[in-house]
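In each ligand, atom 1 is the first atom listed, and ligand 1 is the first ligand listed.
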Amino acid sequence: MERFKDKNILVTGSTSGIGQACAERFAKEGANIILNGRHFADDEKQLIKTIEAYGNKVKFVQGDVSKGMDSVGILQQAIDAFGSLDILVNNAGVERNANFWEVTEEDYDLVMHTNLKGVFFGTQTFVKYCRKENRPGVVINMSSVHEEIIFPHFSAYCASKGGLKMLMRNLATELAPLNIRINNVAPGAIATPINQKMMADKDKMKGLLENIPMKRMGTPEEVAGLVAFLASDDASYVTGSTYFIDGGLTYHYEEQ
Ligand SMILES: NC(=O)c1ccc[n+]([C@@H]2O[C@H](COP(=O)([O-])OP(=O)(O)OC[C@H]3O[C@@H](n4cnc5c(N)ncnc54)[C@H](O)[C@@H]3O)[C@@H](O)[C@H]2O)c1
């Protein structure tokens, strides 16, 4: 299946986890890929080789999405990389664990600027480009089940993903006349580096799995499959929605 043949796709934060899986999935389906990360190291060289092996073009754009002007620059470089840009996946994200009363301004800014401000100005740059060139576009935001359900001790993270929900809904209406679709993907617990600490803690894992009807974590590849659907023409009438991918976690209720 080559749903993305000749499409150029930027995935932010694509050097690990879900972002990397999305980049590989799009490449498998024929796309040229613009990777993004804050640093370029050996792992990124390997990823470039993997994507090239699918026979597609790939470029790495270094930049930190938490800095408003960097996210504008990342988008501009992504547009220039292969002469056009069709799909933007706002995937880069961070979380910080602290009691609400102990959250520092530094950590608040890091989380909000990475998860929300970067998406805001990166998407704005993409939309300006689509308008100027009179091109359609697709935007997918990597949100979280925590755009909807609580996550005690992760208050800035919840605020950022909750903000991302309303940003997406607002933009769906504002951008539909421009032929730009925008949706959120809301993963539950996915086995990626962001969860490394929890995955190493047997008790925490037991508590987590008890809350998931499917009794397992998801894989980055499963999330990438949903992202690919939303990015493709198979989802041509889908905009303004959040798609949960959580093994049943969000609307879970059982009586003992
Ligand atoms: N893994 C999960 O359980 C889970 C659940 C819900 C939502 N998510 C979301 O999925 C997204 C991807 O997370 P992941 O689980 O793959 O974790 P991850 O830590 O493997 O990936 C995050 C990626 O974002 C990059 N990144 C972080 N800050 C950046 C910045 N300022 N500029 C550029 N890149 C930056 C990291 O280098 C990394 O490649 C995040 O938005 C996260 O909130 C993950």
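Within the structure, every pair that satisfies the ring-ring contact (aromatic ring centres under 6.0 Å, His included) test and touches residues 153-187, not counting sequence neighbours, is listed here: Phe151-Phe154.
The closest side-chain heavy-atom distance from Gln77 to Asp80 is not below 4.5 Å.
Between Lys45 and Asp42 there is a salt bridge, since at least one side-chain N of the basic residue sits less than 4.0 Å from a carboxylate O of the acidic one.
If you run side chain to side chain donor-acceptor pair (under 3.5 Å) between Lys165 and each of Glu147, Glu148, His146, only Glu148 comes through. None of Thr123, Asn115, Thr12 except one satisfies the side chain to side chain donor-acceptor pair (under 3.5 Å) rule with Asn90; the exception is Thr123.
Within 4.0 Å of ligand 1, heavy atoms belong to protein residues Gly13, Thr15, Ser16, Gly17, Ile18, Asn36, Arg38, Gly63, Asp64, Val65, Ser66, Asn91, Ala92, Gly93, Val94, Thr114, Met142, Ser143, Ser144, Tyr157, Lys161, Pro187, Gly188, Ala189, Ile190, Thr192, Pro193, Ile194, Asn195.
Between the side chain of Glu210 and the backbone N or O of Gly207 there is no donor-acceptor pair closer than 3.5 Å.
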